[in-house]
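Dumping the structure here so I can ask a few things about it.
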Amino acid sequence: MASRSRFDTHEIFNQSPPYEDVDLYSSDVPLIGALKANGAALELPALAAFGKLWGTAKMFARGRQANENPPKLHAFDPNGRRLDTVEFHPAYHTLMRESIAAGLHASTWTAKAERAPAPAEVLRTARFYMAAQVETGHLCPVTMTRAALAPLAAAAPELAARIAAKVTTRNYEAAFRPWWEKAGMTLGMGMTENQGGTDVRANTTTATPTGENYTIVGAKWFMSAPMSDAFLVLAQAPGGLTCFLMPRFRPDGSVNALRFQRLKDKLGNRSNASSEVEFTDAFAWRVGDEGAGVRTIIAMVQLTRLDCAVASAGLMRMALAQAVHHCRYRNVFGKHLIEQPMMRAVLADMALDVEAAVALVVRLSRALDHAATDSREAAYARLLTPAAKFWTCKLAPGFIFEAMESLGGNGYVEESLLPRLYREGPVNAIWEGSGNVMCLDVLRALKSNCCPVLRATPVFPSTRSFCNPRAKSRRGVGYCGLH
């Protein structure tokens, strides 16, 4: 329905039209260039269709609705029986359905839990980056589902083979029932505890062997996406900290003993449920050897950290698009804002930041595509993943604020998309390892065998443009790639 521009006392003018029904792909020149440079040139038509769909007014509206109507925990039914279910707004389910139909949750894997061939990582990154511009909360279970297959495939191949077909399918089913009865399943994670946080070795949750399986007792301070069909969790087994896969339903079809205490009331990421949970003799399968929990989840962490960087790049891209769109229509002191020299300089600087972030995450995705067969690319991915997460995720909150300032008061009201982007900005720097943790991981990588490989056969492009991402540019705002 068209907005009303004339009122009894005044007329609305000198305002930008809504930024919607846009092509998130063809309007993004840096993305197209990065994809062509990293082996995805033949797949561009499919990405164009994805960009058109996710740029529609309907998709933007679903992103807003999913965040204005956050999930609700139903711990009990009216008669006092445990339910432990979470209710989401229909818009959230629509976003999940579209993302899973496009393969954001598993297109980098085959139905046999094997890595899909290149350029699977690059293509998924492009789609994930565009979806993050519209709504990032639902991408949390999408990320975890994709990443959880890595430790399962490496450390528990038989278990991975049992569930892979249900995980890699393009069907989304939200029903609360056993995973083997569903058209598709999603995976979550519960690693951290109240007393330890990032220091998972301080976990006190215990795992007791019961035949070939385990019974788990304890609690998790953050358990994301509680309506997933199974969760990777860490617990102390007799042999030390160990990784497990805990399904919502036991093999006999009864509900597993996961007791959700409450949902987190978060600054942002409102559409996504994050919970506190207790395990009261919960059933689980072991993933990897006892005592190898941290080593087992490393492959998962690399993928989730990449997604943090990609999502932050997407948030920055949308913030830039909002700022440029406003400045193209807003007339100030006799000129459109985009024609004012200082405003052009600000937007050009921001455009350089986004271009650098996009180039970085797409190149990193290419390294993951080839890591299994190329030691140089594996070394590149190992060293650059924590560095890319650190730089991109740290940059995003301040960047989004700068975009908000470009819109003035219009950018500060909740009807604008920018407040939601701004609240979303910090989460990727906090989750999956904060800044200090990323720095320590870079140091670990430098001490590992990846650096001799890189020194022997350099694969790094020129880093000059990355040394000072806020450096002034006079290439002009047209270079931001927004058509």
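Start at 1 with the first residue, then count along the sequence.
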Any donor-acceptor N or O pair under 3.5 Å, side chains S312, N428
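N428 and S312 do have a side-chain donor-acceptor pair below 3.5 Å.
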Is R115 close enough and on-axis enough to W109, meaning under 6.0 Å and within 45°, for cation-pi?
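Verdict for W109: a cation-pi partner in R115.
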Are R124 and D307 ion-paired here, with the side-chain N under 4.0 Å from a carboxylate O?
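A salt bridge links R124 with D307.
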Assess the side chains of H138 and S99: does a donor N or O sit below 3.5 Å from an acceptor N or O?
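The answer is yes; a qualifying pair exists.
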Side chains of Y329 and H336 only: does a donor on one sit below 3.5 Å from an acceptor on the other?
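No, H336 and Y329 have no side-chain donor paired with an acceptor closer than 3.5 Å.
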Measure from NZ or CZ of K264 to the centre of the six-membered ring of F222 and say whether it is under 6.0 Å with the direction within 45° of the ring axis.
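Here K264 passes the 6.0 Å and 45° test against F222.
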Do Q133 and L315 make a side-chain contact, defined as non-hydrogen atoms from C-beta onward lying under 4.5 Å apart?
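No; the side chains remain at least 4.5 Å from each other.
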Is the closest basic N to carboxylate O distance between E377 and R363 below 4.0 Å?
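Looking at E377 and R363, the cut-off is met.
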Salt bridge or not between R328 and E339? Use side-chain N to carboxylate O under 4.0 Å.
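E339 and R328: not salt-bridged.
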Within a strict 4.5 Å, meaning less than it, do heavy atoms of the H105 and F128 side chains meet?
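No, side chains not in contact.
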Salt bridge (charged side-chain N to carboxylate O under 4.0 Å, His left out) partners for R444, two or more places apart
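For R444, the residues satisfying salt bridge (charged side-chain N to carboxylate O under 4.0 Å, His left out) (neighbours in sequence not counted) are D441.
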Within the 3.5 Å criterion, strictly below it, is a donor on H325 or Q322 matched to an acceptor on the partner's side chain?
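No, Q322 and H325 have no side-chain donor paired with an acceptor closer than 3.5 Å.
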